[in-house]
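Accompanying notes for the structure given below.
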2 protein chains.
Amino acid sequence: MTTIRQLAEHLGLSPATVSRALNGFPEVGVATRQRVLEGAERLHYRPNMHAKRLATGKSGLVGMIFRASSERGVDPHVMDFLSALSLAFADSEIDLLVHIAPDAQQMEHHERIASRGQVDGMILSAPEPDDPRIELLARRNIPFVVHGRGTDAPDYAYYDIDNEGAFAAATRLLIQFGHKRIALLNGPQPMGYARQRERGYRAVMDEHGLPVPPRFVANGEMHEESGYRAAATMLADRARPTAFLCSSTLQALGIMRAAGEAGLKVGEDLSIISHDDVLPHLLAENFAPPLTVTRQPIRDAGPILAAMMMARLAGTPVRELQRTDKVDLIVRGSTGPAPKWGGEAWSR
Amino acid sequence: MTTIRQLAEHLGLSPATVSRALNGFPEVGVATRQRVLEGAERLHYRPNMHAKRLATGKSGLVGMIFRASSERGVDPHVMDFLSALSLAFADSEIDLLVHIAPDAQQMEHHERIASRGQVDGMILSAPEPDDPRIELLARRNIPFVVHGRGTDAPDYAYYDIDNEGAFAAATRLLIQFGHKRIALLNGPQPMGYARQRERGYRAVMDEHGLPVPPRFVANGEMHEESGYRAAATMLADRARPTAFLCSSTLQALGIMRAAGEAGLKVGEDLSIISHDDVLPHLLAENFAPPLTVTRQPIRDAGPILAAMMMARLAGTPVRELQRTDKVDLIVRGSTGPAPKWGGEAWSR
DNA sequence: TCCCGGATCTAAACCGGTTTGACCAATTGG
DNA sequence: CCAATTGGTCAAACCGGTTTAGATCCGGGA
């Protein structure tokens, strides 16, 4: 392991000059810089990160703590996000410090990372309206950017998708198809995105004077089994829905299973629209029938949040780092005209 | 940010004593230690990681570089592994540095992490027989543990599952059911686990004198679409298989789709056995029909490899850190007796 | 009484970088 | 021709811990 002093000595220079030359300071002679760079190459000099960080106070590390549910762990979609994030940071000198923590231990983990001062910034995901994690980071003055929003117009840097608009559009499409009994299988109740989606859905239902009995709106984790369970229950109801809106293609898969068991043909007897974060290993267009979705690959958020993080670290003010992207509605075979038997709206 | 000197001054002690007291050295008086601990608590003292690391030479960081395919990214199963790993390290002082890199850039990323000396050790996954990443880490003397094996008896610390035994057992079950034309949809060819699985499969086929034409063994990425494609091609063959063995439940999903399109009923006209790493958000037992699998949750590897990593860092010799676990064969509805029409073996 | 050794604690060096302030030589300007 | 700049370099301080070598205090044995 060559040190900067060894390199300096080897070159007949002082460590100070070597440091400056390597870090691109303007006050070193062009010939000297060249000599230093060559010497560094020759001796395989690699600056010791820890020393560098101690001296500069910057760690070159960005932390990210994912939320895990205690039963099912982490949503598999987030791997794609993490992947994109990591790739986006690859060119810079930044590395990712990753924790996965159950909701109950989120604060503990944030506390730990924050207080040890080992990261320059944090990326946070799936915020709730008054998220204590955000409050902690703000209080500690740790730069952070958020994937999603806890409220409509938060005062932090965030990237979010237009969940409300997406679910409004999806609801509208179903209503145009003649559906009046549209059920919603949503994500966990406290999550910002779940609230936004429910709002978009309810707004359009209200607009058309269509009531929604509470038993046809479900909140829960977004996996196949929860989709199946909720759908099976709702489909057993006398006034069963003719269409489902759900938050994840895995939930949609569960709904399809329930539909199959109930003898309903998806796309004819029952319509399904799902939000699609895009799981490359299981594409919604390959479902049978292909799934109508509001589509926004979670992967796309990676480079955006990486860029925001770097901008934040460079001092860009928060209000220039707030972005909400529109979501595409992609119509495929899982949606169709409402069946005859479900013509009436739910009673109020 | 309180420093150790401030704390020492506050207590009327020297930094040396404070350091010793906090790190549990025996030569500090019991009363002093108590005083130091209380003082640290009161002043919210948190040692600066970078300083600590510079002084000790240990980083408290373990690196992990996941493999990503350029088209589909990272297998969603690995999120579950990462999650378990992170949870397992949570109690210790170790944090995870995570990179995700396409295969083409794996070496570059390893080089980077290795040469900057920012991690104490590395965890590596999905090794190939002569894996250059392993060679690099060994040459640089960076402690590492491996998830999987490149060869049968490698000279590094690893945790693997008995892929060969699992696929042998699965093949045997199908043969007992009367199947003679069993196709294999395997993972990417170079991977250690793919080779092991193919070996287990071929051994049993050979044992029973059942030939396997090359076109009924496919190697490729393990997602729904690849399963569908390969299965659709094979099912279109005049001598189509009566059973499939595959490497991932997502592939199995694709096979099921192809079977559906071919008008074949899974569990009757066509049997499927998949290896199941267990994706908690999409369980094999919830497939229609429930999937027969060789099951070993990838999640279980997390704590095992975490413990191995720590043991390795503590100096445990490599040969005490080699472990292969048996795999369960769980028979469900996707397997059944061979149909009448597929009675004859493939011709040689 | 004196010396010795163990128990505690401290001063200073060290880890390997960066950064401040000073210095020197070569230009430039008056 | 001398003073003021400027470009390039260096010595030393600094970041915040750990660790080595020594100092001090104490009780006990000779």
Side-chain angles (χ1 to χ4, degrees), chain A residues 1-40 43-61 93-95 112 114-120 313, chain B residues 1-40 43-61 93 95 112 114-120:
Chain A
M1 220 59 332
T2 348
T3 73
I4 200 171
R5 279 171 236 270
Q6 289 170 358
L7 176 56
E9 187 155 358
H10 176 84
L11 293 168
L13 289 170
S14 75
T17 304
V18 174
S19 172
R20 291 213 174 77
L22 291 173
N23 290 304
F25 281 63
E27 58 265 67
V28 294
V30 58
T32 311
R33 161 161 296 130
Q34 191 55 34
R35 233 157 48 81
V36 170
L37 289 175
E38 281 165 11
L43 299 198
H44 299 111
Y45 169 73
R46 301 270 183 271
N48 178 310
M49 277 296 136
H50 306 308
K52 193 162 190 156
R53 287 162 185 184
L54 175 57
T56 58
K58 295 281 131 198
S59 78
L61 250 39
E93 289 287 275
I94 291 177
D95 290 308
R112 165 171 162 178
S115 65
R116 298 210 291 194
Q118 57 184 344
V119 300
D120 294 341
L313 292 177
Chain B
M1 231 27 6
T2 348
T3 73
I4 200 172
R5 279 171 236 270
Q6 290 170 356
L7 176 56
E9 186 156 359
H10 176 83
L11 294 167
L13 289 169
S14 76
T17 304
V18 173
S19 173
R20 290 208 176 81
L22 292 173
N23 290 304
F25 281 64
E27 59 266 66
V28 294
V30 57
T32 311
R33 161 161 296 130
Q34 191 55 35
R35 232 158 48 80
V36 170
L37 290 175
E38 282 166 10
L43 299 198
H44 298 111
Y45 170 73
R46 301 271 183 273
N48 178 311
M49 277 296 134
H50 306 308
K52 192 163 191 155
R53 287 163 185 183
L54 175 57
T56 58
K58 295 279 134 200
S59 77
L61 249 39
E93 288 286 276
D95 290 308
R112 164 171 163 178
S115 65
R116 298 210 291 193
Q118 57 185 345
V119 300
D120 294 340

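Here the structure is a predicted model, which means the values were calculated and not measured. To find a chain, count down the sequence lines: A is the first, B the second, and so on, and within it residues start at 1. Hydrogens, waters and symmetry mates are skipped; everything else that's a heavy atom, side chains included, is used.
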Extract all donor-acceptor atom pairs below 3.5 Å that involve side chains of residues 50-59 of chain B and protein atoms in other chains or at least two apart in sequence.
unit_1 : atom_1 : unit_2 : atom_2 : d
B/R53  : NE     : B/S59  : O      : 2.4
B/R53  : NH1    : B/S59  : O      : 3.4
B/R53  : NH2    : A/Q118 : OE1    : 3.1
B/R53  : NH2    : B/S59  : O      : 2.9
B/T56  : OG1    : B/K52  : O      : 2.8
B/T56  : OG1    : B/K58  : N      : 3.2
B/S59  : OG     : B/L61  : N      : 3.0
B/S59  : OG     : B/Q118 : O      : 2.9
B/S59  : OG     : B/D120 : N      : 3.3
B/S59  : OG     : B/D120 : OD1    : 3.1

Measure [atom1]/[X] against [atom2]/[N] and give the value in whole Å, please.
{"X": "B/F25", "N": "D/dT18", "atom1": "CZ", "atom2": "C1'", "answer": "8 Å"}
{"X": "B/L11", "N": "C/dT10", "atom1": "CG", "atom2": "P", "answer": "10 Å"}
{"X": "A/L7", "N": "C/dT18", "atom1": "CG", "atom2": "C1'", "answer": "15 Å"}

TODO: To the nearest 10°, let me know how far the axis at one end of the helix from C/dT1-D/dA30 to C/dG30-D/dC1 is tilted from the axis at the other, five pairs an end.
DONE: 60°
Task: nucleotides 9-17 of chain D: protein proximity per nucleotide (B base, S sugar-phosphate only, - neither; heavy atom, under 4.0 Å) - done: BBB---BBB
Open item on the list: If you compare all heavy atoms of B/Y45 against all heavy atoms of B/L22, which two are closest, and at what distance to 0.1 Å?
Closed with: CE2-CD1, 3.5 Å
Task: All pairs passing salt bridge (Lys or Arg N to Asp or Glu O under 4.0 Å) where residues 14-37 of chain A contributes a residue, at least two apart - done: A/R20-A/E27
- [ ] Only pairs at least two apart or in different chains count here, so list each salt bridge (Lys or Arg N to Asp or Glu O under 4.0 Å) that has a residue in residues 1-16 of chain A.
- [x] none
Looking at [atom1] of [X] and [atom2] of [Y], how far apart are the two atoms once the value is rounded to the nearest 0.5 Å?
{"X": "A/N48", "Y": "A/T2", "atom1": "CG", "atom2": "OG1", "answer": "11.0 Å"}
{"X": "B/L13", "Y": "B/S19", "atom1": "CG", "atom2": "OG", "answer": "12.0 Å"}
{"X": "B/L43", "Y": "B/H10", "atom1": "CG", "atom2": "NE2", "answer": "4.5 Å"}

Open item on the list: Could you work out, with salt bridge (Lys or Arg N to Asp or Glu O under 4.0 Å) as the rule, every residue matching A/E93, not counting sequence neighbours?
Closed with: B/R116
